[in-house]
Amino acid sequence: MLEVNCFLIDDDLDDREFFEIGLKKVPIPIKYTSAQNGLEALDFLSSLNDKPQFIFLDLNMPILSGKECLPQIRQLAGYEKVPVIIYSTSSYKADIEDCQRLGATHFFTKAHSIKTLTDTLTQLLSGEKLPFVLNSTNQ
């Protein structure tokens, strides 16, 4: 089985560590990298030869928010169709609609349990067809 390349953009260290724990429990080989803000992420993504297959993007970050970062990711050469999953504590309808309009692939409310996170990541990374909104509280 080929390794799946994932990239997380999140300013919160605890959230990045929680996400990494969840990824390690996914029964798929994964290469994982992260950035702590949107500007760092855009610099990193534009310099890569081996582009991530999935990008997870937090909405509420200083320097460059997820809503500001998303369209800029979509403008990078080779990233037009890479799945960008919003991974946020927000579940506001306006945020969900904005992200869909800006080109997000899915909107995933941050899970409160490793099992929920791992289950959703497994579904996403294995290519299952899923609805736009992946609300961890409904799983």
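For the atom pair Cys6 SG and Ile85 CD1, the distance stands at 8.0 Å (nearest 0.5 Å). A distance of 4.5 Å separates CD1 of Ile9 from SG of Cys69, quoted to the nearest 0.5 Å. Separation of atoms CG (Leu130) and OG1 (Thr120) is listed at 8.0 Å; rounding is to 0.5 Å. Taking OG1 of Thr105 as the start and CD of Gln100 as the end, the distance is 10.0 Å to the nearest 0.5 Å. Note that CD1 of Ile96 is 13.5 Å distant from NE2 of His106, once rounded to the nearest 0.5 Å. Rounding to the nearest 0.5 Å gives a distance of 14.5 Å between OH of Tyr92 and CD of Glu97.
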Please assess Ile55 against Tyr79 for the test side-chain contact (heavy atoms from CB on, under 4.5 Å), listing each intermediate value before the final yes or no. CA-CA 10 Å; Ile55 298 171; Tyr79 288 95; 3.9 Å; yes
Show your reasoning for whether side-chain contact (heavy atoms from CB on, under 4.5 Å) applies to Leu57 and Leu8.
CA-CA 6 Å; Leu57 175 61; Leu8 172 67; over 6 Å; no
Could you go step by step and tell me if Asp12 and Gln36 meet the side-chain contact (heavy atoms from CB on, under 4.5 Å) rule? CA-CA 7 Å; Asp12 188 294; Gln36 58 188 344; over 6 Å; no
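Heavy-atom minimum distance, Ser126 versus Gln123: OG-O, 3.2 Å. Across every non-hydrogen atom of Ile114 and Gly22, the tightest pair is CD1-N, 4.2 Å. Considering all non-hydrogen atoms of both residues, Leu70 and Cys99 come closest at CD2-O, 3.8 Å. Contact detail for Phe19 and Leu117: the closest heavy-atom pair is CA-CD2, 3.8 Å. Closest approach of Gln53 to Val4, counting heavy atoms only: OE1-CA, 3.2 Å. Residue Pro52 comes nearest to Leu45 through the heavy atom pair CG-CD2, 3.7 Å, listed as atom of the first residue, atom of the second, then distance.
Judged purely by atom type and a 3.5 angstrom limit, Arg74 uses its side chain to pair as donor or acceptor with the backbone of Val82. Side-chain N or O atoms of Thr118 include none that pairs as donor or acceptor with a backbone N or O of Lys25 at under 3.5 Å. Side chain of Glu17 to backbone of Asp15: no donor-acceptor contact under 3.5 angstrom is found.
A 4.5 Å side-chain heavy-atom check between Leu59 and Phe107 finds at least one atom pair inside the cut-off. Residues Phe56 and Leu124 have side chains in contact (heavy-atom distance under 4.5 Å, counting atoms from C-beta outward). Counting heavy atoms from C-beta on, the side chains of Tyr32 and Arg16 come closer than 4.5 Å. A heavy-atom distance below 4.5 Å is not found between the side chains of Leu64 and Asn37. Side-chain contact between Thr109 and Tyr87 is absent, with no heavy atoms from C-beta onward closer than 4.5 Å. By the 4.5 Å heavy-atom criterion applied to side chains, Ile86 and Phe108 are not counted as neighbours. With contacts defined as side-chain heavy-atom distances shorter than 4.5 Å, the pair Asn60/Thr89 qualifies.
Ion pairing between a basic and an acidic side chain is recognised when a charged N comes within 4.0 Å of a carboxylate O; Lys67 and Asp98 show such pairing. A salt bridge between Lys110 and Asp58 is present, with a side-chain N of the basic residue lying under 4.0 Å from a carboxylate O of the acidic one. Residues Asp119 and Lys115 are paired through a salt bridge, judged by an N-O separation under 4.0 Å between the basic side chain and the carboxylate.
Using a 30° and 60° split on the angle between ring planes, Phe44 and Phe7 fall in the parallel class, below 30°.
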